[in-house]
J.: 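I am attaching a structure below and will ask some questions about it afterwards.
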Amino acid sequence: MMNVLCRLRPCSKSAIVRNFSLTSSCLQDQSCKLLVIGGGTGGCTIAAKFAKRLKKGSVIVLEPSSDHYYQPLFTLVGAGVTTVEATRRDAKSVLPSNATWIQDSAECIDPEKCVVKTAGGREIQYEYVVIAAGLKYDYDKVPGLREALDDKQSRVSTIYSPQYCEKTWADIKSFKGGEAVFTYPDTPIKCPGAPQKIAYMADSYFGKTNIRSRCNITYNTFMPVIFGVKKYADALMKVVAERRINVNYKTVLKEVRADKREAVFFNTDDRSKLTTVPYDMLHVTPPMSTPGFLSSSPLSDDTGYLDVDKFTLQHRKHPNVYGLGDCTTTPNSKTAAAIAKQSQVLEQNLLSSMSGGQPLRQYDGYGACPIVTAYGKCILAEFLYDGVPRETMPINQARESTLAYYMKRDLFPFLYWNFMLKGNYHGPEFVRKIINPFAK
Ligand code: UQ1
C-alpha cells in the first residue's frame, strides 16, 4: 500500500512556502532535522520548543491552514459569550519565526525512508518527526448532516467547527421552546465534555430568558456513562437531574432529515433499534478520525491512531517518530491541558533521542476539562490515566464554581496564547505544588 500511496506526483505550485529560500524550480526535496506535522496546539508548541533549541532552518512545520483557533473557547462561542474571531489568530503569528512553515498537508509518510510527501507535491526528508495532526470531522458518515449544517435555516449546528459554532448561538438565541437535542458520536472525540457542556449552556440560557418550562432538553450519548471519571460523573448526574435534562446512553445519531426536522438514532446494544425524534434545534458532535496520511500509514494501529508508547510518546516501532495531541493512541482525554503536559515530556524525550539516549520522561495521562454547567458556573475536572482525579486547587473541584468559569473564559486563553504556544507552559503542576502541597 505504501508504494502506491507514496508514488511521487507532479509538483504543484498551489501550496506556499513561507520563510524559506527556494533554489530549486520545483518545490520538492527539502530536508530538516525535525519535521512537525500539524500546526495546531501540539505542533505549534513543539515547534516553538525546538526552534529555540536547534539552529535556524532545522525545524519545518507542515500545516495547510492559515488560521489557528483556540478551540477550547468554541463552547463559549456557541453560548454567545465570545465570538469565533476572538478565538482566531493568523497561523503565521503563532508559528515560531525560527522555523520554516510549509503551507501544505501531508499526503503520505514513509517511516523507513524518513520522508513525507505532501499534497502539493513536495518531498520532505526528516531526521526526526513529531506527528501532531489532530482529528478530522467525518460529517459524511451521518447522511444529511453536512447539508443540514450548511443550511442556515436548518437549526442544526456544531460547536466543534469554527464554521458552525456561531450557528449554535444563533439557534440557542432564537429558540422559542420545543425539543433541543444534543449528540455524542460512536468514535473517540476531542474534548469529550463539550457535547454536554453546550447542553448545559443552552439550559442556562433558556432559564435566563424564562422559556425553560417550554423546552425539552435531551442529551443522546454513545457512552454508557455521563463522564469517564467517576468523581465528576457523580457530580454531573446531579446536574442533569436538577436541570431536568434527559440523558439517553448508548444512543448514536444515524441520520439527519433536515426537511422534516427529524433525527434518527440507533442503540448500540441493538443497531437495528432505531428511534426517530423531532427537533427544534439539534447540536451535533460529528464522528472524528485521524487524517488519511496517518490512518493509511504503517505508523498507525488498526484504529488509525499514531501508535506511540503511552508514557514516553515515542512511536512503538520507529524511535525517530514521536507524537502528541489528539491523533495518538494515548488513552487520555484529548484536551489542550493534556498537550501542555505532553509537550514537556515529548521535548525531554526527543532531546534524549537526538543525543543518542533513551526516552526517560513519562506522561502520566494528565488532562483537564473545565465543564461549564451554566453562565458563571464550571466544574473543573482534572485527572490522570485510569480516571484518577488530580486537582490543582485545595478545594473540591467537582463542585460548581464561579472562579473556575472565569479561569476557563479568561485565564486559560491567556496562558495558551502567551505561554503555551511559545513552548513555555506545561500545565498547572507547578501551581499545585505551591497551593495544594499536601495533596496526593
Ligand atoms: C490548563 O492548564 C489549560 O491550559 C491552558 C487549559 O486550557 C485549555 C485548561 O482548560 C485547564 C483546565 C488547565 C488546567 C489549569 C489549572 C490552573 C487547573
J.: Could you please spell out the steps behind the side-chain contact (heavy atoms from CB on, under 4.5 Å) verdict for Leu324 and Val130?
T.: CA-CA 8 Å; Leu324 81 169; Val130 171; 3.8 Å; yes
J.: Under a 4.0 Å N-O cut-off, is there an ion pair linking Lys167 with Asp171?
T.: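 The answer is no: the pair does not qualify as a salt bridge.
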J.: When you check the side-chain N and O atoms of Asp138 and Ser289, is any donor under 3.5 Å from an acceptor?
T.: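 Their side chains do contain a donor-acceptor pair, which is all the 3.5 Å distance test asks for.
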J.: Could Lys231 and Phe383 be counted as a cation-pi pair, given that NZ or CZ must be under 6.0 Å from the ring centre and within 45° of the axis?
T.: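 The answer is no, since Lys231 fails at least one limit relative to Phe383.
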J.: In terms of side-chain heavy atoms, does Lys92 have a donor or acceptor partner in Ser66 at a distance below 3.5 Å?
T.: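 Side-chain D/A pair, Lys92 to Ser66: absent.
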J.: Taking side-chain contact (heavy atoms from CB on, under 4.5 Å) as the criterion, tell me which of Leu421, Thr87, Asp90 meets it with His68.
T.: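 With His68 as partner, side-chain contact (heavy atoms from CB on, under 4.5 Å) holds for just one option, Leu421.
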J.: Taking side-chain hydrogen bond (donor to acceptor under 3.5 Å, both in side chains) as the cut-off, I'd like each qualifying pair that reaches into residues 38-54, sequence neighbours left out, listed once.
T.: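 Checked against side-chain hydrogen bond (donor to acceptor under 3.5 Å, both in side chains) - neighbours excluded - the pairs reaching residues 38-54 are Thr41-Tyr416, Lys49-Glu347, Lys49-His426, Lys52-Asn424, Arg53-Glu347.
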J.: When you look at Asp150 and Gln163, which way does the side-chain contact (heavy atoms from CB on, under 4.5 Å) test go after all the steps?
T.: CA-CA 9 Å; Asp150 284 332; Gln163 215 184 329; 4.1 Å; yes
J.: Using only heavy-atom distances, determine whether the side chains of Ser353 and Tyr322 contain a donor-acceptor pair under 3.5 Å.
T.: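 Side chains of Ser353 and Tyr322: pair found under 3.5 Å.
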J.: Could you tell me whether Glu127 and Lys33 have a side-chain N and a carboxylate O separated by less than 4.0 Å?
T.: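 Yes, charged N to carboxylate O under 4.0 Å.
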J.: Go through Phe74 and Thr168 one step at a time and tell me if the side-chain contact (heavy atoms from CB on, under 4.5 Å) criterion holds.
T.: CA-CA 10 Å; Phe74 286 177; Thr168 303; over 6 Å; no
J.: Excluding sequence neighbours, so at least two apart, what forms salt bridge (Lys or Arg N to Asp or Glu O under 4.0 Å) with Asp270?
T.: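 Asp270 satisfies salt bridge (Lys or Arg N to Asp or Glu O under 4.0 Å) with no other residue.
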